[in-house]
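Below: the structure, in structure tokens.
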Amino acid sequence: MIIDTHCHLVSRKYEDLAQVRADSVALGVTHCISQGTSADDWEPQLQIARSMPDFVSSCLAVHPSEVTEVSDVQLAYMEELCHQYPQAAIGETGLDYFWPAPEGWSEDDYRARQRVFLERHFQLAQSLGLNISLHTRDKKGLASFEDAFAIARNFPKVRPVFHCFIGNREQAERIFSELDGLISFTGLLTFNKTEDIQAVAAWCPSDRFMVETDSPYLSPTPFRGITNIPGRTKYVVDKIAELRHVTPEEIAACTTENAKRFFRLSL
Ligand SMILES: [Zn+2]
């Protein structure tokens, strides 16, 4: 059994979720954590999780690139939904300093609003006893990582997972020791020129990482460019097993244990 800990099932790219589920289960991926990103996907997301609870657990949040599209009233509504319906975690939230600010926004104001939302998401996670799925991305340097790290530090009871981890070993060690956090790996590991991430995956303590697809994005080799599905977490598992010289079953087992604990799943 493999759990895809980060995907987006509310996507126009998916016409037939029953098929996505059948194809994923056929690859050994029997559960996934679908992440919310914007006001448009919170309710469809809850609906999907309700309609296939054995396959999908839901998280809600505002993705950093959506913070200028979501009003304060909508943010409060999302918080209410999380109080009303059980969530696996709060996600996907974080800081994205990679893309430029949208029209009408200064870079400083855009980033400041992202930090306000991230802080609110941590407060929400803390009040609900949940963990958090984090996205950080910079064009160069580590500003988004450091800023998210500084906010996370103020919420010692909330464990963060730095999803789609592309950092180095030193960053990973700080996430583990200072935040009691985790990292998760995507199909990026299967791409050429990702030796640095592969080195982290080869070294990472087995209780500190999970696996994910970030589908419908980031299809692993040899499916690059094709709409990704949770089932392809299998290729991430296979690659990590190869890097660590263990069997895929061992990687499936430890990452499933980590995911069950992190997202409080009773599967
Ligand atoms: Zn994502």
Side-chain angles (χ1 to χ4, degrees), residues 2-14 17 20 24 29 31-46 48-49 55-70 78 82 87-99 114 117-118 121-122 124-125 130-139 144-145 148 152 159-167 175 181-191 194 197 209-220 223-233 235-236 255 258-259 262-263:
I2 296 170
I3 299 176
D4 179 359
T5 59
H6 188 114
C7 60
H8 302 275
L9 292 187
V10 182
S11 163
R12 269 185 225 111
K13 305 217 176 203
Y14 296 131
L17 278 180
V20 168
S24 296
V29 178
H31 199 77
C32 61
I33 312 289
S34 187
Q35 309 273 334
T37 58
S38 69
D40 294 337
D41 67 22
W42 301 329
E43 265 149 357
Q45 167 95 342
L46 293 175
I48 290 171
F55 182 62
V56 183
S57 295
S58 146
C59 299
L60 299 186
V62 181
H63 188 280
S65 61
E66 298 285 342
V67 296
T68 58
E69 300 293 320
V70 173
M78 187 222 90
C82 289
Q87 301 298 311
I90 300 303
E92 165 177 10
T93 176
L95 301 174
D96 193 309
Y97 298 170
F98 181 86
W99 297 107
Q114 291 187 30
F117 272 58
L118 179 56
H121 286 48
F122 264 102
L124 177 66
L130 296 173
N131 293 322
I132 209 159
S133 267
L134 271 187
H135 162 120
T136 65
R137 196 172 180 204
D138 291 284
K139 209 155 212 150
S144 73
F145 176 80
R159 301 181 80 188
V161 56
F162 284 70
H163 109 89
C164 193
F165 188 72
I166 51 164
I175 292 168
L182 276 78
I183 60 179
S184 75
F185 298 108
T186 60
L188 274 181
L189 271 182
T190 65
F191 295 6
T194 56
I197 314 171
F209 70 90
M210 300 190 285
V211 283
E212 57 162 307
T213 54
D214 205 10
S215 41
Y217 316 107
L218 287 183
S219 252
F223 306 99
R224 287 187 71 177
I226 298 172
T227 298
N228 204 1
I229 59 167
R232 296 206 188 104
T233 314
Y235 297 88
V236 183
T255 54
N258 296 343
F262 187 87
F263 295 103

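Keep in mind it's a predicted model, so treat the numbers as computed, not measured. Read the numbers this way: they start at 1 and go in the same order the structure lists the ligands and their atoms.
A donor and an acceptor atom, one from each side chain of D96 and S65, are nowhere located under 3.5 Å apart. Side-chain atoms of E92 and H8 form a donor-acceptor pair, as typed in the model, at a separation below 3.5 Å. Side-chain atoms of E212 and T186 include no donor-acceptor pair closer than 3.5 Å.
Residue-and-atom listing of protein N/O/S atoms under 2.8 Å from the Zn ion (ligand 1), sorted by chain and number: H6 NE2, H8 NE2, E92 OE1, D214 OD1.
R159 forms no cation-pi arrangement with F262, by the criterion of a distance under 6.0 Å to the ring centre and an angle within 45° of the ring axis.
The distance from the CG atom of L188 to the OG atom of S219 is 11.5 Å, given to the nearest 0.5 Å.
Using the six-membered ring where Trp is involved, H163 and H6 have ring planes that are parallel, under 30° apart on the 30 and 60° scheme.
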